[in-house]
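Heads up: the structure comes next, in structure tokens.
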Amino acid sequence: MNELTQTSARGLAQMIRDGEVSCEEVTQAHLDRIAEVDGDIHAFLFVDGERALASARRVDAKRAAGEPTHELAGVPVALKDAYVYQGTPTTCGSRMLENWYSPYDAAVVERLQGADMIILGKTNLDEFALGSSTETSAFGPTHNPWDLARVPGGSGGGSAAALAGFEAALAIGSDTGGSIRQPAALTGTVGVKPTYGGVSRWGLVATASSLDQPGPCARNALDAALLHQVMGGYDRRDSTSIKAPMPDVVGAARRQDVSGMKIGIVKQFGGEGFAPGVEQRFHEAIELLAQAGAEIEEVSCPSFDLALAAYYLIMPAEVSSNLARFDGMRYGLQAGDDGTRSADQVMRASRRAGFGDEAKRRIILGTYALSAGYYDAYYGSAQKVRTLIIEDFTKAFASVDVLLSPSTPTTAFKIGERVEDPMAMYKADLCTIPVNLAGNAAASFPAGLSPEDGLPVGVQVMAPALADDRLYQVGAVLEAVLEQRWGGPIWAPLTKEDQR
Amino acid sequence: MTYEELMDFDAVMAVYEPVVGLEVHVELNTASKMFCGCSTAFGAAPNSQTCPICLGLPGSLPVINATAVESAVRIGLALNCSIAERCRMARKNYFYPDMTKNFQTSQSDEPLCFNGSVVIELADGESFTIAIERAHMEEDTGKALHVGGATGRIQGAEYSLMDYNRSSVGLIEIVTKPIRGAGERAGEVARAYVTYLRDMIRALGVSDVRMEQGSLRCDVNLSLMPKGSTTLGTRTETKNVNSLRSIEKAVLHEICRQGAILTSGKTVKQETRHWHEDGTYTSPGRSKEHAEDYRYFPEPDLVPVVCPPSWVDELRATIPQAPSLRRAALQAAWGYSPLEMRDVVAAEALDLIEATVAAGCAPQSARKWWMSQLLRQANAREVSLDELPISPQAVAELQNLVDKGILNDNLARTVIEAVLAGEGMPGEIVQARQLGVVNDQATLDEAVAQAIEANPEIADKIRAGKVQAAGALVGAVMKDLGGKADAGVVRELILAKLA
């Protein structure tokens, strides 16, 4: 263990800039850490150390030549394996794409490279980001660095675990129903789902197009804001990309001020189904924010009760269509082509062999929801609920600046515990889903450890669309007061021996 | 080929009323595709005009082509349609290897253009109104080449090759409301309507509308209902109807086929049928009894298409005149009689003559070539005039050679045959075959002298004043020179010698 891996992204960039350490050394430290712990954590599906070191040496050369470098230049970052990145496989955690190499780069990758950041490799995820635990990955689950017997959440469990395990300073996630925020909560890290359209989806393999949003993952609010600034902004290749100035997320994170801010507590998220330890830390967070000068009021968003049901119609409907292209005809897994079968038969065999159970479950669900005769009752009704949820948010944000809720109802659950019970698994995203349906911004910040089980609890901040800066305003304050209270950042144990 | 019983056309017409519906796909000639920047040029090497978007690679996203939207709106306006101020694209989901995403980005319940109508003219000048249901935007699919097997179709093929150059090229699908009341002229009406569309869209300049290249494709829906009935019968959809001539034939064929089925007390199967250009018959494709469920839903990767009324009004001002007005203008400019013009329109020679005139040919000469020798050739080959392997430029060049006295009419006809045989342009053929009229005075003089010497009695007659006898000597000279002389010049020479 090298203390470089425990340094913040901002700190590493500063040290590199000041010549205290080379980018190559920083990168090597993280590669060493990956070699040391990833056999247990399995955050990464693919690591290309040589390429990362070559990039690092280029950054060092650039700095030595006195060329200007970006604010996060030289910081190692982990990329969720749902983004295409030339020269590495893009598997999406699926057998279907096990050996597929993309001929083009995602917009996010271009931004990272443009900022002189070092991509270490690709992180594990639930298959096609369909899951809340990384257990549906075809390549085995990721383990939570807090307790290797537990899940790190999902779908972006690999990115969150890489941060919690000090294998990367920053990570990229994608959030369809909570895939950035729920893993952040379960690993004691920060995860942000920007406003829909705030970050380009070009090159993010689609799960549910109207819900997916790339976002930053970090160990603290300011690091997340710095990464957010690198990732965000208009991209003409994504038609849903917003042509508007980026909110000043970095300024908000630095400001650390919530005095006079109106914070609404969502009445619907609490009580039955919520672990007492989660509720306790959540209420403490409210208390701390009130002490920091925020005005707290309770807000009712009755349609949020319908969000999970609506989500599990809209999301699978889009999934069923987005995953249709994986048919073994042009790329990816092809099964059953023995020269006697028709194209149609080979497509069926390839999809049967290539997709896991959860992907199949959602394809079937979505196909059904869109079918003639059921469309109005299912997909149509769900879209109406979506409108109601948008209205609830609009009403709420007329009286408060941000909304607050626990990020997830419980702390990290045991690997295998919910695999046979899809409903229990789906409920992990209860609090995070409304924001995806409405398209506004939200983030999960650490709120301390649950007194019940000593595992991290996350608090979710929700802001109106294009007011992503408010997330960081609240998150940075919460982080500061919690560090005071806990005597420093609340980090996962550094070695296996230190785990409970 | 399946055996099909056909009923006599007049016998069907005595009992049934045909109802026709036409779905026309027009491939837009935008420089780039509907949702990506790839070229749309026809005939490039397979898969050379593709990118992550039109190949549907994971992570790629579509961006709509603004020019394609403009083209679609202009087509809609020319069809007198209402234009939606806001409409969404939709995904049409079905699995087929020619679709890279296994859904086609199209439009469902929110078409860009709707509720239009056009007035078409039949060959005898009778007009007929066609109501337009909708015109919507969608992307084309890739092209499959089925290798092995007898039919070139997927059934029985050993393997198939895919070319995605056409994948995601912009298409406009124009759908008529059911066309009733055409009776025995249903075939003519169908053909005249598609001809009208072709001419109108060509005038708009938004598509090449070449049926032989697939940039204009037509599906023919047809059903029969007993005369006097108001209930529509079961329809079939005939696909792959790839020429104007075939549209008419397909309608007539399907009327006779369905007539035979209904008269024998059986029921027509709702299905897709394939038109076979060669044998003029149709064969069943996939049955539509269990209509495929395309699970349409709004395309979430695209934002709604917005057409502000002010912009639509600007476009409205750019719509060229209707084909009937254009015809009147051309007739006046060319000085054709109404009868001549009617024949030209009926022969679908209007565009060809226009292009020939544009290439420098006098209008009457252009009409003469296209409407006589070339029309006879087209009829003999059972193709339309524009399918003949001769260009308007070639016809204009030919007339130019005649005007210069290099060719006489007989030689010109020989040259046309040579152009049609693929020997090149008229100028090249004249050179290669040394077909030019003999203008060399010494050669002409010698030939005339020989003819006079060989026919002393005729020469005497001419000397005696019987000028009309000169024809025989002209014929002898022409024979001697292999027809390569100007008969007028030869006659003058003979008369001068014998004066």
Side-chain angles (χ1 to χ4, degrees), chain A residues 82-84 90 92 96-97 100 102-107 128 197 200-206 208-212 235-241 314 317-318 320-327 329-332 339 342-344 346-348 351 366-373 375 379-380 383, chain B residues 35-37 47 50-66 88-105 108-109 142 144 146 154-160 162 164 167 290-305:
Chain A
Y83 292 88
V84 298
T90 300
C92 296
M96 192 57 106
L97 289 177
W100 183 65
S102 168
Y104 75 106
D105 284 331
F128 289 107
S200 173
R201 292 185 292 121
W202 174 255
L204 164 64
V205 180
S209 309
S210 76
L211 304 162
D212 296 344
D235 178 6
R236 59 180 295 277
R237 293 168 298 183
D238 176 357
S239 302
T240 61
S241 177
I314 292 167
E318 293 186 18
S320 71
S321 178
N322 282 332
L323 297 193
R325 70 190 63 195
F326 303 109
D327 61 6
M329 290 292 111
R330 289 161 295 274
Y331 52 83
S342 68
D344 192 56
V346 172
M347 278 194 204
R348 288 164 194 268
R351 290 170 66 78
T367 302
Y368 192 76
L370 288 174
S371 295
Y375 182 94
Y379 185 81
Q383 290 294 0
Chain B
F35 299 115
C36 67
N47 298 306
T50 55
C51 74
I53 300 171
C54 55
L55 288 177
L57 293 188
S60 67
L61 294 169
V63 175
I64 202 161
N65 181 335
R88 287 182 293 184
M89 303 302 294
R91 290 188 184 178
K92 181 180 183 182
N93 295 286
Y94 64 102
F95 284 84
Y96 203 77
D98 66 5
M99 284 202 307
T100 58
K101 300 166 291 182
N102 284 323
F103 63 78
Q104 181 189 27
T105 307
S108 169
D109 49 0
H146 304 298
I154 194 164
Q155 289 86 359
E158 278 173 48
Y159 60 93
S160 304
M162 298 303 311
Y164 293 110
S167 170
H290 304 286
E292 188 146 8
D293 183 356
Y294 292 118
R295 292 171 281 117
Y296 281 102
F297 73 102
E299 163 60 283
D301 282 328
L302 289 167
V303 291
V305 174

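In what follows, chains carry the letters A, B, and so on, assigned in the order in which the sequence lines appear, proteins first and then strands, with residues in each chain numbered from 1. In this text, all values refer to a predicted model and were calculated from it rather than measured experimentally.
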Closest heavy-atom pair and its distance - P103(A), L57(B): CG-CD1, 3.5 Å

Do the non-hydrogen side-chain atoms of I53(B) and W202(A) ever get within less than 4.5 Å of each other? yes

Could you check if a side-chain atom of M347(A) sits within less than 4.5 angstrom of a side-chain atom of P97(B), using non-hydrogen atoms only? yes

Can you name the residues that form a ring-ring contact (aromatic ring centres under 6.0 Å, His included) with F103(B), not counting sequence neighbours? none

More than 12 heavy atoms of other residues, nucleotides or ligands under 6.0 Å from OH of Y159(B): is that the case? no

If we define contacts as heavy-atom pairs under 4.5 Å, which of A206(A), S342(A), S371(A) has the most with chain B? S371(A)

I need the F297(B) CZ to S320(A) OG distance, nearest 0.5 Å. 6.0 Å

Do the non-hydrogen side-chain atoms of P58(B) and T90(A) ever get within less than 4.5 Å of each other? no

Y164(B), part contacting chain A, at a heavy-atom distance under 4.5 Å: side chain

Polar side-chain atom of R330(A) near backbone of T100(B) as donor-acceptor pair, under 3.5 Å: yes

Are the side chains of Y375(A) and Y296(B) in contact, using a 4.5 Å heavy-atom criterion? no

Heavy-atom contact with chain B under 4.5 Å, split by part of A106(A): neither

For N93(B), is it the side chain, the backbone, both, or neither that has a heavy atom closer than 4.5 Å to a heavy atom of chain A? side chain

Residue from R237(A), M329(A), R201(A) scoring the most non-hydrogen pairs under 4.5 Å with chain B is R201(A)

Under 4.5 Å to a heavy atom of chain B? For Y83(A) that would be neither

Between D301(B), L55(B), V303(B), which shows the greatest number of heavy-atom pairs under 4.5 Å with chain A? D301(B)

Those residues that, when tested against F35(B), pass ring-ring contact (aromatic ring centres under 6.0 Å, His included) (two or more places apart): none

Heavy-atom pair of closest approach, residues R325(A) and S60(B): NH1-OG, 4.2 Å

Within the 4.5 Å heavy-atom criterion, are S209(A) and R91(B) side-chain neighbours or not? yes

Max heavy-atom pairs within cutoff under 4.5 Å with chain B, candidates A372(A), G203(A), S321(A), goes to S321(A)

Is M99(B) close to chain A through its backbone or its side chain, or both, or neither, when contacts mean heavy atoms under 4.5 Å? backbone

Is R351(A) close to chain B through its backbone or its side chain, or both, or neither, when contacts mean heavy atoms under 4.5 Å? side chain

Measure distances from N322(A) to the heavy atoms of chain B and classify the residue's part below 4.5 Å as side chain, backbone, both or neither. both

Tell me, side chain or backbone of A317(A) under 4.5 Å from chain B's heavy atoms, or both, or neither? backbone

